[in-house]
Student: 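This is the structure, below, for whatever I ask next.
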Amino acid sequence: MRKAAVGTALVCAATACAVAALIVRHRMKNSSRWSRAMAILKEFEEKCATPIGKLWMVADAMAVEMHAGLASDGGSKLKMLISYVDNLPTGYEKGLFYALDLGGTNFRVLRVQLGGKEKDVKQQAMEAIIPPHLMIGGSNELFDFIAAKLAEFVSSESGDFQLPAGRQRELGFTFSFPVRQTSLASGTLIKWTKGFSIDEMIGEDVVSELTKAMERQGLDMRVTALVNDTVGTLAGGRYSDKDVVSAVILGTGTNAAYVEKAHAIPKWHGLLPKSGEMVINMEWGNFRSSHLPLTDYDLSLDAESLNPGEQIFEKIISGMYLGEILRRVLLRLAEEASLFGDVVPPTLSVPFSLRTPVMSAMHHDSSPDLRVVESKLKEILGVVNTSLKTRKLVVELCHIIARRGARLSAAAIVGILKKQGRDTSTEKQRTVVAMDGGLYEHYSEFSERLEGTLTEMLGETVASTVTVTRATDGSGIGAALLAASHSQYLGTEES
Ligand code: ADP
Ligand code: MG
């Protein structure tokens, strides 16, 4: 071999050695990155664990807090607000009624013509978006906007919808923010949530604000019921099934209402209602207990939120936050285990950039190579060329987060059942929980697990007496029904 050839061969050999070393080092780096990722995953999974014993502690804590909140105002993180709804729809309601639903970025107006005992219900609805500047402006501006939309809707009334001559139109107002009721048709705002912030409204009577705005719009309408969406859903649920005794909302936020014995409400200083019952708006999103499995991700999410220290239960189970928890875990995996390569995708650092519907779409991906996960990661985070292993890890995280939320939601429902004495079966009593909200409706991995956990906690026998029913948009019709059952014309002759 000539010198030059020897030299070339040596260089080639050296290069081959270097390349091999690089590959080995890269593999080692990859494998240590991956084991770091696995360690983060495992730790998160352990912290989110909800074994059955823990779930029962959460259910017990919920029942204890319910007692405390009913005993006195401020007695618990649960406000346990008295709704003044002491008689739920009977099914005999009759006539034309309106409902207005305000509780998020959308608001809905609805009219129903109730047919009496045939339960023949005709309804029409209109939906509008609240312009964001009105959510943080003045109260007149917000209420004038709402009243104007309502007036526009009323002016389109015709045909099937008939108001007897000489009568005033009546409205049920679903206002899904914490309100201290002073009667069924009056109540003052305690605080805004869900991105609204109009300071001058705090402590004001919500119904008189709306009534004044309707007058300014030339609309002659009386508000006969002011309810929260959970109370509306309970009323709407009761109309279709007489065994409905509680309602749960799992949407952007979360809350529940249930039927309580009036004598079991020490802070109720009014007359005992004829029915002996009162609907309580729990405001359960603010529940907190040392038994809740909270992770570092939850704590930092809370600390950086608009309402630190508040709505802790809501922050681990509701639609506004599940995607955000996932984002936080993925960010850590990207930073500490280079899950998406050497650069952290910039979008991953933006709070709320990963919404719950995206998370549920990835979680529900049933394609063998997880194409939905791949495309969402690309679309939302700009990450390309993810390995199947990485995509499986993302699904596993969705699973952990949704499972914790669903199981805790079930435990909270069991807490209500316990408070109502319906967690053990003594006789053949049916218990129906009316459920609504986009999270419950669209995230089937969540809703199925919630129902499965109810059975796991209660056992087959008791669980067979408990039914969870979907009451999609039940709060609007519920508010209209409550307007009907509290009409100023009740007892007057029907035309
Ligand atoms: P709101 O709670 O604002 O009154 P909804 O009951 O319609 O309204 O719930 C909307 C919420 O439901 C969204 O903010 C989102 O968190 C959740 N959601 C909507 N669609 C889905 C979906 N496909 N998968 C999971 N969650 C969803
Ligand atoms: Mg809603």
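The structure presented is a predicted model; accordingly, all values stated were derived computationally and were not measured. Counting starts at 1 for both ligands and their atoms, following the listed order.
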Student: For ligand 1, which is the ligand I care about here, please tell me if Gly438 has any N or O atom under 3.5 Å from one of the ligand's N or O atoms.
Tutor: yes

Student: Between Phe446 and His363, does the ring centre distance come in under 6.0 Å?
Tutor: no

Student: Measuring from atom 3 (O) of ligand 1, which candidate in Asp101, Asp436, Asn255, Thr252 has the nearest non-hydrogen atom?
Tutor: Thr252

Student: Using a strict cut-off of 4.0 Å, indicate which atoms of ligand 1 neighbour a heavy atom of Gly437.
Tutor: 6 (O)

Student: Classify the contact between Ser360 and ligand 1 as side chain, backbone, both or neither, using a heavy-atom distance cut-off of under 4.0 Å.
Tutor: side chain

Student: Identify which one of Ile146, Val154, Asp144 satisfies the side-chain contact (heavy atoms from CB on, under 4.5 Å) criterion when paired with Gln217.
Tutor: Asp144

Student: Is the shortest N/O to N/O distance between His442 and ligand 1 below 3.5 Å?
Tutor: no

Student: So for ligand 1, is Leu439 a polar contact partner (N or O within less than 3.5 Å, distance only)?
Tutor: yes

Student: Strictly below 4.0 Å, N to O, side chains only: are Arg407 and Glu456 in salt-bridge contact?
Tutor: yes

Student: Counting each atom of ligand 1 from 1 as listed, which ones have a heavy atom of Tyr443 under 4.0 Å away?
Tutor: 25 (C)

Student: If you measure every N/O of Gly319 against every N/O of ligand 1, is any gap under 3.5 Å?
Tutor: yes

Student: Once the angle between the rings of Phe196 and Trp192 is folded into 0 to 90°, is it parallel (under 30°), tilted (30 to 60°) or perpendicular (over 60°)?
Tutor: parallel

Student: How would you list all residue pairs meeting ring-ring contact (aromatic ring centres under 6.0 Å, His included) that involve residues 221-257, not counting sequence neighbours?
Tutor: none

Student: Show which side-chain atoms of residues 248-256 pair as donor or acceptor with protein atoms under 3.5 Å away, not counting sequence neighbours.
Tutor:
residue	atom	partner	partner atom	Å
Thr254	OG1	Ile249	O	2.8
Thr254	OG1	Trp284	NE1	2.9
Asn255	OD1	Glu283	N	2.8
Asn255	OD1	Trp284	N	3.0
Asn255	ND2	Asn281	OD1	2.9

